[in-house]
Amino acid sequence: MNKKIAIIGLGYVGLPLAVEFAKKYKVVGFDINNSRIDQLNSGHDSTLEVSDSNLESVLNQKENGLALSFNAEDIKSCNIFIVTVPTPVDKNHRPILTPLIKASETIGKVLKKGDIVIYESTVYPGVTEDECVPILEKVSGLKFNEDFFCGYSPERINPGDKTHTVANIKKVTSGSTPKIGEEVNSLYASIITAGTHLAPSIKVAEAAKVIENAQRDINIAFVNELAMIFNKLDIDTHAVLEAAATKWNFLPFKPGLVGGHCIGVDPYYLAQKAQEVGYHPEIILAGRRLNDSMGEFVATEVLKLMVKNDIAIKNAKVLMLGITFKENCPDIRNTKAIDVYNALVNFNMDVDVYDPWASNEEVFNEYQIHTTDKIKETYDAIVHVVAHKEFTTLDLESIKNKNAIVYDVKGNLELKKITKRL
């Protein structure tokens, strides 16, 4: 069949995928956020995942190319639907499937015989077939695996990474029947230069995705625990890791804050499913608890260093460098930097946040924090939270008060510039 693809959700995952597919196919990018559509139609992506020139090149194609819309009527003529909406958790760490359900309802209204719906959003095993398919059937009136089909191909986008882009990351694919699996695999293989891996079932593909980030989360939790132990022993954790890394099979993880929309969320999806079937996951949840506690740990370490330097804590001026969830990226979703901020404020410190990558408006809307555009004052403490490239050349001496401390969460500033590192 002539493929016309709809990408549902145009965030960090959906837009790069839509642009890549639009080089070979007719693609409609759909998002319920009309201001996002207007922004993209103007030729700019605020997430910085797609360059302006790359975006404009597919918007202006004649044969294939990308059309953008917030009107569901515009995806009616598509026969392949790819869902790339967020799958967050609530304050109790329970999966929120609402965006996925709404996207399925939208597709169900335009679904036709022979169409394929592919989900990329991270979920626990069973969500595609047990949660999404019944909605597609109910809204469309069509029968699964007779009238329409499904696939699952988990996203592996790494926000801010200009090396591991969509086409350069091997893609896991799957389908609701063996034939559809081959079709889904062939579709992705046509744009993924790194190759594909066809999983034997949708549930296997769902499980593969959710354990990728759970594995990283657990490994980082281990080195975070080491940092807590070595801190009490007055040993430099980074020096220990550097020495241990000389062994060929030592895994090079570093301590830090674990946030973002993947590693800080996905383990809870797997834990939820495990508990539904009667198993309480010990290691996965222990890793999550430890990583979720790191913001408070960092703030407490900063407080201890300030007390040691005879700095009055109440109303102390503190500069926090970075608020995004990772370096050289504007993404503030589920950032654990906010935990550091909140803990410092709870210690009655006066905290300024400087982040040249984050949108001041987005930060205020999400966290009710006014970030500063320029460093104009001097500070009693400077906390290097996010390793943006701009911070490596920052003249810290010029913004330090007498006895001021510099705490390096990321461990990539010069040792002579800092008081201590995590």
Side-chain angles (χ1 to χ4, degrees), residues 227-228 231 234 236-238 255-257 259 292-330 332 334-422:
M228 291 176 172
N231 175 70
D234 199 23
D236 186 326
T237 305
H238 290 267
L257 304 173
D292 278 345
S293 73
M294 290 307 291
E296 185 79 31
F297 177 79
V298 166
T300 302
E301 289 302 295
V302 170
L303 181 141
K304 288 177 181 176
L305 290 171
M306 292 171 70
V307 170
K308 194 173 181 181
N309 275 28
D310 295 321
I311 300 169
I313 300 303
K314 190 173 183 179
N315 298 324
K317 288 293 295 179
V318 179
L319 176 64
M320 216 173 89
L321 296 174
I323 192 68
T324 63
F325 95 88
K326 66 178 292 189
E327 65 275 7
N328 307 323
C329 170
I332 62 168
N334 195 37
T335 176
K336 291 303 175 184
I338 193 64
D339 293 350
V340 178
Y341 176 88
N342 288 335
L344 293 171
V345 169
N346 285 340
F347 290 143
N348 293 316
M349 299 184 194
D350 183 6
V351 185
D352 286 346
V353 176
Y354 173 62
D355 192 317
W357 284 81
S359 160
N360 293 350
E361 184 182 0
E362 280 186 29
V363 173
F364 181 75
N365 289 340
E366 186 71 23
Y367 301 110
Q368 290 72 57
I369 295 173
H370 289 286
T371 52
T372 181
D373 285 323
K374 199 171 184 181
I375 301 172
K376 303 170 186 173
E377 302 186 47
T378 55
Y379 295 91
D380 301 309
I382 299 168
V383 189
H384 178 240
V385 180
V386 187
H388 294 318
K389 57 189 177 184
E390 290 85 353
F391 297 155
T392 58
T393 56
L394 201 60
D395 182 6
L396 298 177
E397 286 299 320
S398 68
I399 55 174
K400 287 167 62 179
N401 290 332
K402 184 183 178 183
N403 295 336
I405 65 109
V406 178
Y407 189 85
D408 185 9
V409 175
K410 296 300 294 184
N412 69 334
L413 295 181
E414 291 181 56
L415 280 173
K416 63 182 181 182
K417 291 183 178 181
I418 67 171
T419 311
K420 194 173 183 180
R421 57 186 178 178
L422 178 60

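Basis for what follows: all heavy atoms, side chains included, without hydrogens, waters or symmetry-related copies.
- Evaluation of the side-chain hydrogen bond (donor to acceptor under 3.5 Å, both in side chains) rule for Lys417 yields no partner, not counting sequence neighbours.
- Looking at residues two or more places apart in sequence or on another chain, you find no side-chain hydrogen bond (donor to acceptor under 3.5 Å, both in side chains) involving Ser293.
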Legend entry - Trace of the side chain to side chain contact (heavy atoms under 4.5 Å, CB included) decision for Val363 with Val353: CA-CA 10 Å; Val363 173; Val353 176; 6.0 Å; no

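- More than 12 heavy atoms of other residues, nucleotides or ligands shown are found within 6.0 angstrom of CD on Gln368.
- The salt bridge (Lys or Arg N to Asp or Glu O under 4.0 Å) analysis of residues 383-402, with sequence neighbours excluded, yields the pairs Glu397-Lys400.
- The distance from atom NZ of Lys326 to atom CG of Asn328, rounded to the nearest 0.5 Å, is 8.5 Å.
- Leu394 places none of its side-chain heavy atoms less than 4.5 Å from the side chain of Ile382.
- Every pair tested for salt bridge (Lys or Arg N to Asp or Glu O under 4.0 Å) that includes a residue from residues 306-316 fails, sequence neighbours excluded, so the list is empty.
- For Asn334, the side-chain contact (heavy atoms from CB on, under 4.5 Å) test picks out Val265, Lys336, with sequence neighbours left out.
- To the nearest 0.5 Å, the span separating CD1 on Ile375 from CD1 on Ile399 amounts to 4.5 Å.
- In this structure, Val385 and Ile323 have side chains that are not in contact, with every pair of non-hydrogen atoms separated by 4.5 Å or more.
- Contact detail for Tyr379 and Leu319: the closest heavy-atom pair is CD2-N, 3.5 Å.
- Qualifying side-chain hydrogen bond (donor to acceptor under 3.5 Å, both in side chains) partners for Asn315, counting only residues two or more places apart in sequence or in other chains: none.
- Side-chain N or O atoms of Thr324 include none that pairs as donor or acceptor with a backbone N or O of Pro330 at under 3.5 Å.
- Between Asn231 and Thr237 the shortest side-chain heavy-atom distance does not fall below 4.5 Å.
- Remark: Asn360 engages Thr371, Asp373 in a side-chain contact (heavy atoms from CB on, under 4.5 Å) (not counting sequence neighbours).
- Note that CG of Asp355 is 5.0 Å distant from CZ of Phe391, once rounded to the nearest 0.5 Å.
- Residues that satisfy the side-chain contact (heavy atoms from CB on, under 4.5 Å) test with Glu327, not counting sequence neighbours, are Val386, Ala387, His388, Lys410.
- Asp352 meets the salt bridge (charged side-chain N to carboxylate O under 4.0 Å, His left out) test with Lys317; sequence neighbours excluded.
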What donor-acceptor contacts under 3.5 angstrom involve side-chain atoms of residues 337-345, with partners at least two apart or in another chain?
residue, atom, partner, partner atom, Å
Asn342, ND2, Ile338, O, 3.3

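- For Tyr354, there are no side-chain hydrogen bond (donor to acceptor under 3.5 Å, both in side chains) partners two or more places apart in sequence or in a different chain.
- Note that CG of Asp234 and CG of Asp236 are 9.5 Å apart. Values are rounded to the nearest 0.5 Å.
- Side-chain contact between Met294 and Leu422: present, with at least one pair of heavy atoms (C-beta onward) separated by less than 4.5 Å.
- Partners of Glu301 according to the salt bridge (charged side-chain N to carboxylate O under 4.0 Å, His left out) rule, which considers only residues two or more places apart in sequence or in another chain, are Lys304, Lys420.
- Inter-residue side-chain proximity for Ile332 and Tyr367 is flagged as met; some heavy-atom pair is nearer than 4.5 Å.
- Contact of the Asn348 side chain with the Ile313 side chain is not registered, since no non-hydrogen atoms from C-beta on lie closer than 4.5 Å.
- The closest donor-acceptor contact from the side chain of Asp408 to the backbone of Ile418 lies at 3.5 Å or more, if one exists at all.
- Scanning all heavy atoms of the two residues, the minimum distance from His238 to Pro255 falls at NE2-CG, 4.0 Å.
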